[in-house]
2 protein chains.
Amino acid sequence: MKPVPLHERIRAEIESAIMAGHLRPGDRIPKETELMAQYDCARMTVNKALSALAGAGMLERRKRAGSFVARPRAQSMVLDVPDLAAAIAARGQRYRWDIASRKITAPDRAQAEALGVSAKVLSVTGVHFAEELPLAFEERMVNLALVPGIADADLSQTPPGSWLIAHVPWTEAENRISAAAAPPAIARALGMARGAPCLVLERRTWRGPDTVTRVRQYFVADRYELVARFGPNL
Amino acid sequence: MKPVPLHERIRAEIESAIMAGHLRPGDRIPKETELMAQYDCARMTVNKALSALAGAGMLERRKRAGSFVARPRAQSMVLDVPDLAAAIAARGQRYRWDIASRKITAPDRAQAEALGVSAKVLSVTGVHFAEELPLAFEERMVNLALVPGIADADLSQTPPGSWLIAHVPWTEAENRISAAAAPPAIARALGMARGAPCLVLERRTWRGPDTVTRVRQYFVADRYELVARFGPNL
DNA sequence: TCTGTTAATATGTATAGACATTATTTTGCC
DNA sequence: GGCAAAATAATGTCTATACATATTAACAGA
């Protein structure tokens, strides 16, 4: 019912042969002229399929030698780290954001080091609720030099993450995922026992060399999990 | 000194315009015919550059409408879930695996449901050490119908994860990351206090429709973290 | 004014060929 | 045999063109 482009079909067939283990790392795949004959198409079509696979890191191509299945360097999975408001809404629950503090400061030494900048900083803390149950405590710093507009945003209604996604581009991000016992103040804000386990997600985003924002979210342990997948059903 | 292909130059220039913020999410970029005139080249060359950017998720291309800078999605970060033995070795530490139990059973009802198969199952538990400090407790089930060879493997020397990576191809995998208080038996095995927080990583891998293995790893909270990145400097 | 049809437009796919680049293999010479 | 030059075989880049497809915009009819 849906016509699949030929180069896409070639790409998919080789990809699944690799994923199913019929082609193993280091194996050589047929040369372009052979695939060209096999699929009865032009070389550019084959080339497009193979280039895409090479770009995705599944093939290594060497002139004169041929194309080879790349050995997977680390097992790279795709991790969904969605905006919390959107994620909760997506699973059909009511979302609420409750801001706890908001201030603008010139960063002290610790913040300057953490943010990697010395410009003025907006600091926000608050709690994310799903169905009126506290889900996560958030503490965030935003680089005002890069994002001046957020000083005028109404962060009591919109959580800063959602505002930033809509307004600020970034080029690079890093998430660190760990577990920790909830510090007393956070346990209180989340209605948990002191020392109860939390899933901690710390994210920094950059634009070029400059830090845009840094956020740490403490999730109530049994109310949230992150899912990373690898496979054809993306 | 190094001849950069034209399509690569076009790609890089647009990419850096996006990264520098000159082109912002939602902005329209020049149409192919315009870029074609600007760089004095054929449309296929421009097309290759733009297709690569679209494939990398930096552009959204719509017929008749044009090409637009995609808004970066917080979803889709690349998470490295390396084999523990390799990961620990990679950071220069001594690795040790201590097997605690190993048995082959016909799965009971709960296991059958969890594994999604009713064939015979190899169950293994054990502890991963880094520099003789316990790092993670692992409990794993392996589908013997798909991986008969592991029945003969020496799992007291090689952790099952490393053995599987070397011997078994898979087509699909899912990781669930959460936090939990360590159950008593696991806390004891890891030398932690009862109820201390753990980072829990549960992974299932499939080959086609069949589950290959399912593993749950409990990490001592402050000795391990997962890192997911997005950005050009991979 | 609304609605359905048609035309215009930007991207998507594919072709056939030319030449460039880079390893590898073969050849020819000492 | 050992070694350097030349042939060769694979991918890399690029062109010019053709037609397909999806979506917007313009237009006509009720």
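Note that the structure is a prediction, hence the values are computed from the model and not measured. Note on naming: letters A, B, ... go to the chains in the order of the sequence lines (proteins, then strands), and numbering restarts at 1 for each one.
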A.B. asks: Can you check the B/Arg61 CZ to D/dA22 P distance for me, whole Å?
C.D. replies: 16 Å
A.B. asks: Let me know the distance between OH of A/Tyr39 and C1' of C/dA14, rounded to the nearest Å.
C.D. replies: 16 Å
A.B. asks: Among C/dA14, D/dG12, C/dA16, which nucleotide sits nearest the side chain of A/Leu6?
C.D. replies: C/dA14
A.B. asks: Tell me, with the steps shown, if B/Glu138 and B/Arg216 meet salt bridge (charged side-chain N to carboxylate O under 4.0 Å, His left out).
C.D. replies: CA-CA 6 Å; B/Glu138 166 168 336; B/Arg216 198 182 283 141; over 6 Å; no
A.B. asks: For A/Asp40 and C/dA14, give me the distance from atom CG to atom C1', rounded to whole Å.
C.D. replies: 12 Å
A.B. asks: Of all heavy-atom pairs between B/Thr211 and B/Asn143, which one has the smallest distance, and what is that distance?
C.D. replies: O-ND2, 3.0 Å
A.B. asks: Indicate, with a heavy-atom threshold strictly under 4.0 Å, whether A/Arg28 touches base, sugar-phosphate, or nothing.
C.D. replies: sugar-phosphate
A.B. asks: Can you tell me how far P of C/dA10 sits from CE of B/Met36, to the nearest Å?
C.D. replies: 13 Å
A.B. asks: Roughly, in whole Å, what's the span from CG in A/Asn47 to C1' in C/dA18?
C.D. replies: 15 Å
A.B. asks: Could one point to a donor on the side chain of A/Arg43 or the base of D/dT13 with an acceptor on the other under 3.5 Å away?
C.D. replies: yes
A.B. asks: Within this structure, what is the CE-to-C1' distance between A/Met44 and C/dG12, rounded to whole angstrom?
C.D. replies: 13 Å
A.B. asks: Can you tell me if the side-chain N/O atoms of B/Lys63 get under 4.0 Å from OP1 or OP2 in C/dA10?
C.D. replies: no
A.B. asks: Of the non-hydrogen atoms in B/Pro30 and B/Leu35, which two are nearest, and what is the gap between them?
C.D. replies: O-CD1, 3.6 Å
A.B. asks: Between the side chains of A/Arg229 and B/Glu174, is the shortest nitrogen-to-carboxylate-oxygen separation below 4.0 Å, so that they form an ion pair?
C.D. replies: yes
A.B. asks: Nearest-Å distance, CD (B/Glu32) to C1' (D/dT15)?
C.D. replies: 15 Å
A.B. asks: Rounded to the nearest Å, what distance is computed from the CD atom of residue A/Glu34 to the C1' atom of nucleotide D/dT11?
C.D. replies: 14 Å
A.B. asks: Looking at B/Arg214 and B/Glu202, does any basic side-chain N land under 4.0 Å from a carboxylate oxygen?
C.D. replies: yes
A.B. asks: For the side chain of B/Arg62, starting at C-beta, report the closest nucleotide among C/dT11, D/dT24, D/dT13.
C.D. replies: D/dT24
A.B. asks: Side-chain N or O of B/Ser67 less than 4.0 angstrom from OP1 or OP2 on C/dA10?
C.D. replies: no
A.B. asks: Nearest-nucleotide wise, let me know which of A/Ala42 and A/Arg64 is further upstream toward the 5' end of DNA chain C.
C.D. replies: A/Ala42
